[in-house]
Amino acid sequence: MSEKKLSANEGIKTRSNYLRGTIADALNDLSTGSMSEDDQQLLKFHGTYQQDDRDLRANRRKHRLDKAYSFMIRIRVPGGVATPEQWLATDYLATTYANSTIKLTTRQAFQFHGIIKSNLKRTIAEINQAAMDTIAACGDVNRNVMCNPNPYLSSVHAEVLKAAQDISAHLTPQTRAYHEIWLDGEKVESSEEEVEPIYGKTYLPRKFKITIAVPPSNDVDIFANCLSFIAIAENGKVIGYNVAVGGGMGSTHGNEATYPRLADVIGFCTAEQVVDVAEKVVLVQRDFGDRTDRKHSRFKYTVDDYGPEWILAKLNEYLGYELQPVRPYEFVDNGDRFGWVEDETGNFHYTMFVEGGRVLDTATYPMRTGLREIAKIHQGDFRLTANQNLMIANISPANRPEIEKLLEQYGIKDSHVKSALRLSSIACVALPTCSLALAEAERYLPEVVTELEDVIEEAGLRHDSITIRMTGCPNGCGRPFISEIGFVGRGPDRYNVYLGGGHAGQRLSKLYRQDFPAADIKALLSPILNHYAKDRHEGERFGDFVIRAGYVAATVQGKDFHANIKSEALASV
Ligand code: SRM
Ligand code: SF4
């Protein structure tokens, strides 16, 4: 049998000398605002992407100008926890080098947009001075490790946060390239070749994502991740974790070999084993993942190709011991808990809604300034949620009045958010920065929600949380394929509409309308929302209702995902 050719990226990694490429020299070449194709691939491992302002493309083309290049930088925030000092540094850098906004991502990280090439190095250096980094925020490695900021269970949360941070540190690439390029680290001349003990020279076949959840909250969407740990606690202590493998969202329109897939829960490990298990799962993917086709190289396809049982057997072999049987657990939702809560130690936490995860000042809502003022006096920390929201966490009873005063002064309150539908929304970045966007998301979902709020209000659903997510393309950065209502960009002003995802992120949705005009979304969804308000059973979730009422059929697993198109006929019932 002839060997399939490795993908081009494998060659780039091999030739890169552990991710150096020609980045250092290219940064000094200011005759162009862009980088070479190969360096662009390598830059991702360092946490930055070359982009251009797509709003300006047509006009610049007309005037025969080059694209308006700039860079996106992603800052890793393991477990989503940032100190007030780090918040202030992020805020300062956003104004000084980026577009004066901070994006809170769906993986509990910070992103800057609009950084020009000549500022790239100093921005990354200053991020590091603030005790944060960008290495492995992107690229074919393990990404930011997520962990839910469950505010009620502070002792359990402290344990899982530590596990998330330990896994993150253990899987961080060891190459000295990052320090050399961005921090002017000394070049170590040595006859011994550098080693990446876990990844090796060609790193992983593709990006890898890990998360930890503490039931009953699945706010980190464990079923959408390559590897997840579900904390099992007894008497206020974590005794271990269920292990879930093979989740992912990314797909490509028209390519049925690509599909979103939910993770399989395959076993249980003790709390002491968690870092080891994470490493060995990464090694299984390193050794068996497909390096020939990047559209088939995510771990979810390795799990599907070999089967979850085979993966478990291989994992046990790599571990040298066996995972135990899965322990019982239950998730009730994947949303955030807004407003004030008091934890078991008597500290307070305030979770605020950040629409689309974009922290900025507008004429009517100076949110970024308000948060800056809070950071100046806050003695606890900030927690980024995987739903793109923000928790001002660990506020002592003595500090609460001061923080409350600032929240009031800057208008930071969720009572101005008209519906639980909006509070349950996620939108990916999409236009104008994302080069892969086919349609709007972050700039458009708020309008769609506003339209639907009229219907929601009349139907008496104002306080019903229904997850609603929009992405500009089927890569699924806002995890739309597990929301109760999902919109996925097809082209300008056109979306695939998905319904029926599980309220706890435990079930994939189904395609309800394909290539549907944005202008008709309200008309499409109004009768279904009204039907739900009238005929739902006690406590029935919208995602469950649309299946019971026959709007879509329930999905089982990712491979069947594309059969969903057939459900369209049912929609007119
Ligand atoms: Fe994503 C690529 C933004 C979470 C699946 N994602 C991109 C890029 C870098 C576009 C690119 O490759 O040129 C986007 C940058 C846009 C911009 O202008 O900033 C981008 N992804 C995002 C963020 C910022 C969305 C957001 O609005 O919050 C999220 C950053 C997370 C982080 O902090 O690390 C983000 N991306 C996700 C998620 C959700 C998650 O991980 O929980 C997914 C689906 C889960 C998964 O991985 O399957 C996701 N992003 C993708 C994919 C599809 C990968 C695949 O399996 O095919 C791509 C495209 C690719 O890798 O080729 C992509
Ligand atoms: Fe870009 Fe698509 Fe991800 Fe949205 S889902 S940020 S459009 S890659």
Side-chain angles (χ1 to χ4, degrees), residues 9 40-41 43-44 47-54 70-78 80 98-99 101 103-114 134 136-140 142-146 205-211 219-226 228 246-253 255 258-263 293-301 334 354 356-358 384-389 426-445 469-482 486-489 505 558:
N9 285 57
Q40 282 183 47
Q41 294 305 320
L43 275 174
K44 297 180 185 179
T48 179
Y49 278 68
Q50 181 176 308
Q51 303 184 318
D52 72 288
D53 187 334
R54 294 181 57 185
S70 67
F71 291 81
M72 173 270 268
I73 294 181
R74 191 177 286 162
I75 304 177
R76 281 200 310 178
V77 189
N99 64 357
T101 73
K103 171 86 180 182
L104 310 182
T105 77
T106 52
R107 292 198 70 77
Q108 301 181 297
F110 292 122
Q111 265 186 208
F112 293 138
H113 291 99
T134 63
C138 325
D140 297 345
N142 173 56
R143 306 287 188 89
N144 198 39
V145 179
M146 296 210 279
R206 203 66 158 81
K207 58 174 80 163
F208 196 88
K209 298 185 172 180
I210 302 181
T211 188
D219 63 4
V220 285
D221 268 334
I222 66 139
F223 297 107
N225 280 263
C226 302
S228 290
M249 293 280 103
S251 58
T252 305
H253 289 310
N255 178 351
T258 65
Y259 46 84
R261 184 183 192 282
L262 296 181
D293 175 4
R294 285 181 71 78
K295 289 216 176 289
H296 186 256
S297 52
R298 294 295 301 275
F299 188 47
K300 63 181 174 183
Y301 299 119
N334 61 357
V354 182
R358 189 68 67 170
L384 283 54
T385 82
N387 286 301
Q388 302 177 320
N389 297 311
I426 291 184
C428 76
V429 181
L431 295 164
T433 52
C434 179
S435 62
L436 306 175
L438 304 169
E440 296 281 353
E442 187 188 315
R443 296 194 295 195
Y444 182 53
L445 183 61
R469 298 173 174 184
M470 178 178 278
T471 57
C473 84
N475 283 317
C477 299
R479 300 185 291 269
F481 304 116
I482 41 176
F487 305 102
V488 174

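All of these numbers come straight from a predicted model, not from anything done at the bench. One-based numbering, in listed order, for ligands and for the atoms of each.
Atom numbering of ligand 2 starts at 1 in the shown order; those under 4.0 Å from a heavy atom of T471 are 5 (S). If you number the atoms of ligand 2 from 1 as listed, the ones under 4.0 Å from a heavy atom of N475 come out as 8 (S). Of all atoms in ligand 1, listed by their number and element, those nearer than 4.0 Å to a heavy atom of M72 are 15 (C), 19 (O). Proximity to A109 (heavy-atom distance under 4.0 Å) selects the following atoms of ligand 1: 33 (O). For ligand 1, the atoms lying closer than 4.0 Å to a non-hydrogen atom of G248 are 48 (O). Proximity to A427 (heavy-atom distance under 4.0 Å) selects the following atoms of ligand 1: 27 (O). Heavy-atom proximity to G250, at under 4.0 Å, picks out these atoms of ligand 1: 48 (O), 53 (C), 55 (C), 56 (O), 57 (O). Listed by number with element, the atoms of ligand 1 under 4.0 angstrom from any heavy atom of Q51 are 16 (C), 17 (C), 18 (O), 19 (O). The A437 neighbourhood of ligand 2 comprises atoms 7 (S), with distances under 4.0 Å to a heavy atom of that residue. Proximity to R206 (heavy-atom distance under 4.0 Å) selects the following atoms of ligand 1: 57 (O), 60 (C), 61 (O), 62 (O). For ligand 2, the atoms lying closer than 4.0 Å to a non-hydrogen atom of G472 are 4 (Fe), 7 (S). Every atom of ligand 2 is numbered from 1 in the order shown, and the set under 4.0 Å from a heavy atom of C428 is 4 (Fe), 5 (S), 6 (S), 7 (S). Every atom of ligand 2 with a heavy atom of G476 under 4.0 Å away is listed here by number and element: 5 (S). Every atom of ligand 1 is numbered from 1 in the order shown, and the set under 4.0 Å from a heavy atom of R107 is 31 (C), 32 (C), 33 (O), 34 (O), 40 (C), 41 (O), 42 (O).
With a 4.5 Å cut-off on side-chain heavy atoms, I426 and T106 count as touching. Using a 4.5 Å cut-off on side-chain heavy atoms (C-beta onward), N475 and M249 make no contact. For the pair C138 and Y49, the minimum side-chain heavy-atom distance is below 4.5 Å. In this structure, the side chains of F223 and I482 stay at 4.5 Å or more apart for every pair of heavy atoms. Between D53 and S70, every side-chain heavy-atom pair lies at or beyond the 4.5 Å cut-off. N389 places none of its side-chain heavy atoms less than 4.5 Å from the side chain of L104. The shortest distance between side-chain heavy atoms of L431 and R443 falls below 4.5 Å.
Between the side chain of R143 and the main chain of G139, a donor-acceptor pair closer than 3.5 Å is present. Side chain of N255 to main chain of S251: no donor-acceptor pair is present (N/O by atom type, distance under 3.5 Å, no hydrogens or angles). Put simply, the side chain of R206 gets close to the backbone of R294: a donor and an acceptor are under 3.5 Å apart. In this structure, D219 contributes its side chain and N334 its backbone to no donor-acceptor pair below 3.5 Å.
With I482, I426, T433 as candidates, the residue nearest to atom 18 (O) of ligand 1 on a non-hydrogen basis is T433. Considering only non-hydrogen atoms, atom 49 (C) of ligand 1 lies nearest to K209 out of R479, K209, R54. Of the candidates I75, L431, T106, the one placing a heavy atom closest to atom 28 (O) of ligand 1 is T106. Nearest-heavy-atom check against atom 23 (C) of ligand 1 across R294, K207, Q111, K300 picks out Q111.
Tested against F112 for a side chain to side chain contact (heavy atoms under 4.5 Å, CB included), the candidates I75, N99, T134, T101 yield a single pass: I75.
In this structure, the protein non-hydrogen atom closest to atom 33 (O) of ligand 1 is T105 OG1, 2.6 Å. Counting only heavy atoms of the protein, atom 1 (Fe) of ligand 2 lies nearest to C434 SG, 2.2 Å. Summary of contacts: the protein heavy atom closest to atom 46 (C) of ligand 1 is R298 NH1, 3.4 Å. Among protein heavy atoms, the minimum distance from atom 2 (Fe) of ligand 2 is reached at C473 SG, 2.3 Å. The nearest protein atom to atom 3 (C) of ligand 1, hydrogens excluded, is given as R74 NH2, 3.7 Å; this is a heavy-atom distance. Nearest to atom 48 (O) of ligand 1 among the protein's heavy atoms is M249 N, 2.7 Å. Counting protein heavy atoms only, atom 13 (O) of ligand 1 is closest to S435 OG, 3.4 Å. With hydrogens left out, the protein atom closest to atom 53 (C) of ligand 1 is N475 OD1, 3.3 Å, a heavy atom. From the protein, the heavy atom lying nearest to atom 36 (N) of ligand 1 is C477 SG, 3.0 Å. Of all protein heavy atoms, the one closest to atom 26 (C) of ligand 1 is Q388 NE2, 3.6 Å.
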(request) Go through the steps for Q388 and K103 under the test side chain to side chain contact (heavy atoms under 4.5 Å, CB included), then give the verdict. (result) CA-CA 8 Å; Q388 302 177 320; K103 171 86 180 182; 3.5 Å; yes
(message) Assess the residue pair F208 and F299 against the criterion (ring pair (Phe, Tyr, Trp, His ring centres under 6.0 Å)); give the C-alpha distance rounded to whole Å, side-chain angles, the decisive distance to 0.1 Å, and a yes or no.
(response) CA-CA 7 Å; F208 196 88; F299 188 47; 5.6 Å; yes
(request) Apply the test side chain to side chain contact (heavy atoms under 4.5 Å, CB included) to residues Q108 and V77: give CA-CA distance (whole Å), side-chain angles for both, the deciding distance (0.1 Å), then the verdict. (result) CA-CA 6 Å; Q108 301 181 297; V77 189; 5.6 Å; no
(request) Could you go through the side chain to side chain contact (heavy atoms under 4.5 Å, CB included) check for L445 and R469 one step at a time? (result) CA-CA 8 Å; L445 183 61; R469 298 173 174 184; 5.8 Å; no
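R479 and D221 are joined by a salt bridge, as a carboxylate oxygen and a charged side-chain nitrogen come within less than 4.0 angstrom of each other.
Put simply, C477 stays out of reach of atom 1 (Fe) of ligand 2, with no N, O or S atom under 2.8 Å from it.
When non-hydrogen atoms are compared, ligand 1 lies under 4.0 Å from neither the backbone nor the side chain of S251.
The shortest N or O to N or O distance between H113 and ligand 1 is under 3.5 Å. Remark: ligand 1 and Q108 share no N or O pair separated by less than 3.5 Å (distance only, no angle test). Checking only distances, A137 never comes within under 3.5 Å of ligand 1, N or O to N or O.
Side-chain N/O atoms of R358 and H113 include a donor and acceptor closer than 3.5 Å.
Residues F71 and T48 share a closest heavy-atom pair of CB-OG1, 3.6 Å.
Taking a 4.0 Å cut-off on heavy atoms, K103 registers as neighbouring ligand 1.
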